Each structure stands twice: as structure tokens, then as C-alpha cells.
Amino acid sequence: MILNRKSVELLSPAGTWDALVAGVESGADAVYLGGKHFNMRMHEGNFNFDDEMLKEAIAYAHAHDVRLYITLNNLISDEEIPALREYLAYLSEIKPDALLVQDFAVLELVHEMGIDIPIHTSVMMNTHNEHAIEKLKEYGITRIVVGREMTLSELSLFRERTGIEVEYFMHGDMCISESGQCIHSGVVFGQSGNRGRCLKPCRWAYSLIDEKTGEVLDKDSDGAYKLALKDMCMYRSIPQLIQAGVFSFKIEGRMRPAPFIRRIVSTYRKAIDAYIADPTGYQVDEEGWKSLYENRARDFTTTFAFGSTTRKDIGMTGEREPRFFSDAVKEAGFQDEILRQEEDIHKKNADRRTLSVRVNTLDSAKAAVDNGADVIYVGGEAFRPLRPWTLAEYADIIAYANSKAKVVINTPRTTMRRECGELEQFLTAVSSRPELAADGIMVSNLGSLKLAKQYTTLPVQADVSFNLFNHLTAEFLKENGLTQACSSLELSFEQLREIVENSKLPIETIVHGSYESMICDHNLPGMSLPHYNSLDNPEVLDRRYALVDHAGEKHAIRIDQFDRNHIYFAKDLCLYPYLKKFNGIASYRIEAQDYTPEFTGKVTKIYREALDALADGQEVDPSRLDELKQGPRELGLGTYRFRQSRNSI
């Protein structure tokens, strides 16, 4: 690769006009910014650009030979679709150089409206495998912002295989959760991090305990801020970034003041130009490093760029945290004043309402079948000390459920290169061995979807990780061959009703069970415990850990076979008392992944009887709620206690 000035793009953030000018004057090749609506920085304050300012910003940038990208990168609910159409029509007139998007609804509207602005996928789309890229290319995607969990070596191979232009966050604030897979703020506060209003529960203080005994395990740790990832800084690794094939060097910071932007952009500009001019003679400018370091907000990390993270990548003490957006609070129980007042969903019910159960073991699957489940979801992640499903176990449950229930095989939510390789081999076995002939496949990302359609002829449905937030996204999924999709757990009832009543795709909704607040590729116990060593003591992987926040809420940590950490809410979702409102749902789903076989059977039976009672025009038995309360956690309404997930307009 022969380098020149156009080999690399330095991409500056701007939340104000002064920050835009600072980025341009300091040498940015491109600037990204958001309008007053529909972006990932929707907190109050004098940030973002109104429509007239957007037009002026594009003219200003182009006059200085700088590209300007507009962020349209949050999830969008149905009540916002009319405003989104108007906004896209306006953007089509003023012609930014690209749009950054998360929600598939934007892809639908861009195609429908004939808009020819280049589209870049936001990091929030959680694009992390080459098969997803092939699917996105069909929609004219020209660039992706890769997931933060991707190492440079993986990125290099990824870039080589796809030929796609890659944008990489190389400086600034970082999320500890996989992008698009954190719903903690949305469920607890009604302000979704996927909709630009994150109140950052990851920056709270936590203690680490043994979930079973309650023993505090981290008394000797470096501090309580166990999820507070340090700021990304790749200044000392510019050669590695360029040689890995990164085209756009992205600086995070649309809420930063102009002087902060000016310093960072000018420092990186000088270093990038120096490397391009003389790669073999390049060395780090220590004065530039000193400028960045002495003016840092948090301390610095390179996160996953060169391998797995460790405790050195976490700001455990919290002493350099510039701002705390919220404090820990008790999660909602049955505060149902709003939900009780909501109109029922106006959609016809099936004669027999479908009950689906996601299970963790063969025994749990059989218990669900025996107690009236119509569909069981098997496979996917297995949480230690449980082990992944074997081919023999899949064959066993398929034979056992024959004529009694459908068996849908689940796949991992995250499918990096390793998982994709394993999934290809697994799907080949499913398609070629009669004893593995399941009734369907459930996928969690576009890459898994493409593989499922390529290797099998089974019906494919979308899991909750697709963040289905509006009927246009449902339309996108239907167009791509999906037979059913699960609604987002951040939707309010009012927003769910809009989707169910308007979607042509059958919508599944989770009505009961334990569910993740975030998914992390970091080893959280390992980063907190000084003597954690899985090589010498592999049994530490099978221990059940939990985080306790300052409100006393206990968040279970589940470690899967890929060593990802799944952090759970303190309360399980329970919509049992309100099932009568949930009409027209294609599938009522129980998340029993964290339940014993006995309790899985009990919960399944209670919901089966309730759904059958509703079908017969009867009421659900309120006394059964006491039995549901015998599970591993307290119960609550989650986001259904809010009128809406706070919107963008």
C-alpha cells in the first residue's frame, strides 16, 4: 500500500458551530455532526444543529474542501416516522456527503424516497462479521464503523475479505457494552442509550459478589467503578491503524468544547501527515503525546485494538470521571399506573395463542414441552457452568418434541469470525442430517441471517438483538426473508401497540423472564479479582458472580462459552397480570435461560393456562402471580411503566 494524503481520513466531531470551525481549521478531512433530532447525542444543552445550521455547515465544510457527514444513528419509533420522512427529504436537498445510520427503517425510507446520499453504518448497528457486510452492500452501504471489540488483526482480515471502507473509533469515550446491545438506561429510566439519551449506568459504582453466597469478593480491588472504561487513545499506534487498513480515523466528542476539539484534531493531523510523508522514519512525537495526555478527561486505553482488555483499561477509582449522568436506583416493580390506562392492542388474536420458551438445557426444554409450550428455543449461548448444546442433544429434543412443540435452534447474539466458522459447520449439519431437522432458526444479526439462508431452507426469525423499534424495520426484515421478529425490550406499551397493529411481519414479545441489560466482551470478574487466573484455576469460570450497585440491586453476571459477560437486570420481567392487553402478538415468549427445569415447567404451565383462558373469554387467575414470584429474582414491569421510550423529536 503506497500512502498519500488521501489514504487516510481524519474525522472530527462537532456539536456546536465553534467545534465545527475548530475541526476544519485544525486539519480534519471530514466532520460528523447531528441535527436537532434523530441522533445519538440527544441530551439537553446547546448542542446539535438546526436545519438552517446544517445547510450552512455543509456549505462551510465544502468551501474548505472538507466532507460533512450527518448522524441519523438512533433507533426510531413509529410516532417519529412522519418527522423522519420530512427530515430525510430536507437532507436530500442540502446534500451532506453521507448519513450515519443505525435503524433499518432509514434504509427502507432512503430506498423508497430515492435518496442518493451515501450511507455509512453507525457503530450502533453492531456490524462485526463479513457476512453482514455482504448483506448491507445490497442496500448501498459504502462504509462501516466497526464494533469496538474488533482487534486490528481481525479488522485487517475483515477489510481484506469485504473490500468495504472502514471507520474506526480511535480517540474518545468508549462503551463497555457491545454497541446496540445495552438497554440498561432505557429500561430503568425510559431514556434509551440506543436512542441518544444514555444515562450511563456503566459509570456507577459496583461491588462484585459471589451470587450464591453473597460474599463480597473485591474488597482488595482497585476501586468500585468496574464498568467505567477509560477513553480510547490510539495516538501511539497510528502506523498500526493505517497498515491494518483503517480509512477513517474517528474522534469521539460531539459534546466537547471547541478548544478540546482543536487540540486533538491538530495533534492527530500532524502525526498522520508525518507518518504518510516518511513511514520508515516515523516516530511518535512526544510533545504531541504530552499535549493529549496532560489535557485528557479520563485516562487512556487502546481497549481491544491489540487483544483482550484487562483491569488497566478500566478507571476503577472513578477519580477522573468527568461527569456522572445518573445515580443507581431501585428497578421498577409493578408500578403500573400508566400501563393500566393504556388501550389494548387492537389486533385479532389467533384461536390458540402461541407460547414460546427459551431454555438452557435439555431437561428444561422437555419441561417446557410437557407444560404446554408451542415453541422452544434451544442452543445459542450457554452460561457456565452449563455447557453448549451438543448435536446429540439437539437430535434428542427434536425427537422428543415431535408433534407436541416446534423446536427452533437459536444462534449466538454475537458472531465474530470464530462463531461464524462454527455456525457454518453447524448449519451444514442441520441441513444434511435428518435427525437435526428443526422447525426453524433464530438469528441475532444480519451475518447470521445470511448464513442461515445460505446453508438451510428452514424458516428464519429475528431475535431481540435486532432492536425492532418500528414497523418499517419489521418490513426490512420481512423483505430479507425473516418469518417473525422479536420486539425491543425498550419499547413502551404504546410504542409496541403501534408496531403490532401496523406490522405485516408477525411480532413476538417477551412477556416473562430474566434478561440482559448489556453484553460485554470484557472479563469483568477477571478485571476485579487480583488472583483470578483461568489457566491455573479454570473453576473460576464456572463460579456465578454478580454486581451490586449502590441502590442494593444485584445484577447477575453470566459467562458464555465465548467468554462474553452478560449482565442481567436485578428484576425479571413479568407481564402476567396484563396479558389481556397484549392482543395480536404472534408469540408470547418466556426467557427461561436462567431458570431450573422445574421452574421453567411451572412458569410455562402458568402462562399456558392464562393464554388459554383469554382465548376462552375468561380472565387470568391472579393468584398464580404468587407462584411466579418464587423465581430467582423479584419481578417487575421493565420499560412498560413508561408512557414511551423518550423520543427524538
Side-chain angles (χ1 to χ4, degrees), residues 1 3 5 7-13 23 26-32 69 100 120 122-123 127-128 143-159 165-176 178-179 228-254 256 260-279 282-310 312-315 320 521-522:
M1 178 173 62
L3 300 174
R5 183 64 169 73
S7 298
V8 172
E9 173 187 88
L10 180 57
L11 179 56
S12 172
S26 302
D29 298 298
V31 177
Y32 69 102
Y69 309 140
L100 280 82
H120 300 170
S122 165
V123 70
T127 308
H128 55 262
R143 179 191 295 185
I144 64 160
V145 186
V146 294
R148 298 175 176 96
E149 294 74 25
M150 192 173 287
T151 66
L152 290 185
S153 59
E154 289 173 323
L155 185 152
S156 183
L157 182 61
F158 178 81
R159 169 73 178 85
E165 199 170 82
V166 170
E167 184 174 304
Y168 186 87
F169 273 101
M170 57 89 186
H171 193 101
D173 192 0
M174 300 288 284
C175 295
I176 197 159
E178 291 185 4
S179 296
L229 198 58
K230 295 177 181 178
D231 280 358
M232 183 65 147
C233 180
M234 292 293 289
Y235 179 77
R236 305 191 73 88
S237 307
I238 286 172
Q240 293 95 318
L241 274 175
I242 293 176
Q243 294 300 333
V246 174
F247 172 71
S248 184
F249 283 38
K250 187 169 193 172
I251 299 169
E252 183 278 332
R254 285 196 285 131
R256 300 289 192 182
F260 191 91
I261 300 297
R262 189 179 298 274
R263 180 184 302 110
I264 292 176
V265 173
S266 61
T267 302
Y268 275 98
R269 175 80 277 157
K270 182 179 178 182
I272 291 169
D273 289 348
Y275 181 75
I276 290 173
D278 186 6
Y282 176 81
Q283 59 181 346
V284 173
D285 178 357
E286 297 299 343
E287 286 301 313
W289 169 253
K290 184 178 180 182
S291 173
L292 292 176
Y293 189 78
E294 290 182 348
N295 292 283
R296 70 197 185 281
R298 302 179 183 90
D299 285 332
F300 290 146
T301 173
T302 56
T303 62
F304 288 96
F306 302 106
S308 298
T309 54
T310 66
K312 69 179 175 56
D313 299 297
I314 306 295
R320 295 199 66 89
D521 286 39
H522 309 263

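The figures here come from the full heavy-atom set of this structure, side chains too, leaving out hydrogens, waters and symmetry mates. On a predicted model such as this, the values are computed, not experimentally measured, just so you know. Starting from 1, each residue takes its place in the sequence as its number.
The aromatic rings of Y69 and H120 lie perpendicular to each other, with more than 60° between the two planes, well past the 30° mark.
Looking at Q243 and L152, their side chains never come closer than 4.5 Å, going by heavy atoms from C-beta outward. A 4.5 Å side-chain heavy-atom check between T309 and I314 finds every atom pair outside the cut-off. Taking the side chain as every heavy atom from C-beta outward, C233 and W289 approach each other to under 4.5 Å. In this structure the side chain of P13 never reaches within 4.5 angstrom of the side chain of R256, judged on heavy atoms. Contact check for V146 versus E154: no side-chain heavy atoms found under the 4.5 Å cut-off. Side chains of I242 and S7 form no contact here, defined as non-hydrogen atoms less than 4.5 Å apart. Residues V145 and K250 form a side-chain contact, since some pair of their non-hydrogen atoms from C-beta on lies under 4.5 Å apart. Annotation: side chain of E165 is not in contact with side chain of S248 (no heavy-atom distance under 4.5 Å).
In terms of modelled atom types and a separation under 3.5 Å, the side chain of Y268 and the main chain of Y235 share a donor-acceptor contact. Between the S26 side chain and the G23 main chain, no donor and acceptor come within less than 3.5 Å of each other. In this structure, the side chain of R296 engages the main chain of Y293 through a donor-acceptor pair within 3.5 Å. Side-chain atoms of E9 do not come within 3.5 Å of backbone N or O of D29 as any donor-acceptor pair.
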message: Go through it in stages, so that I can follow the logic: the residues are F158 and H128, the test is side-chain contact (heavy atoms from CB on, under 4.5 Å), and I'd like the CA-CA distance, side-chain angles, deciding distance and then a yes or no.
response: CA-CA 9 Å; F158 178 81; H128 55 262; over 6 Å; no

- prompt: Under the side-chain contact (heavy atoms from CB on, under 4.5 Å) criterion, do L11 and M170 qualify, and how do the steps go?
  reply: CA-CA 10 Å; L11 179 56; M170 57 89 186; over 6 Å; no

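Across E252 and D173, no two heavy atoms sit closer than the pair OE1-N, 2.8 Å. Across all non-hydrogen atoms, the minimal contact from K312 to K230 is O-NZ, 2.6 Å. Here the shortest heavy-atom pairing between V246 and Y168 reads CG1-CB, 3.7 Å. Residues I238 and Y275 share a closest heavy-atom pair of CG2-CB, 4.5 Å. Minimum heavy-atom separation, P279 to L3: CG-CD1, 4.3 Å. Scanning all heavy atoms of the two residues, the minimum distance from T302 to D313 falls at N-OD1, 4.3 Å.
Within a 6.0 Å radius of CD in E286, more than 12 heavy atoms belonging to other residues, nucleotides or ligands are found.
A distance of 11.0 Å separates CE in M174 from CZ in R298, rounded to the nearest 0.5 Å. Here the CZ atom belonging to F304 is positioned 14.0 Å from the CG atom belonging to L155, to the nearest 0.5 angstrom. Taking CZ from R262 and OG1 from T267, the interatomic distance works out to 12.0 Å, rounded to the nearest 0.5 Å.
Aromatic rings of H171 and F249 (six-membered ring for Trp) have centroids beyond the 6.0 Å cut-off, not under it.
A salt bridge does not link R320 with D231: none of the charged nitrogens is closer than 4.0 Å to a carboxylate oxygen. Under a 4.0 Å N-O distance rule, the pair E287/K270 does not qualify as a salt bridge.
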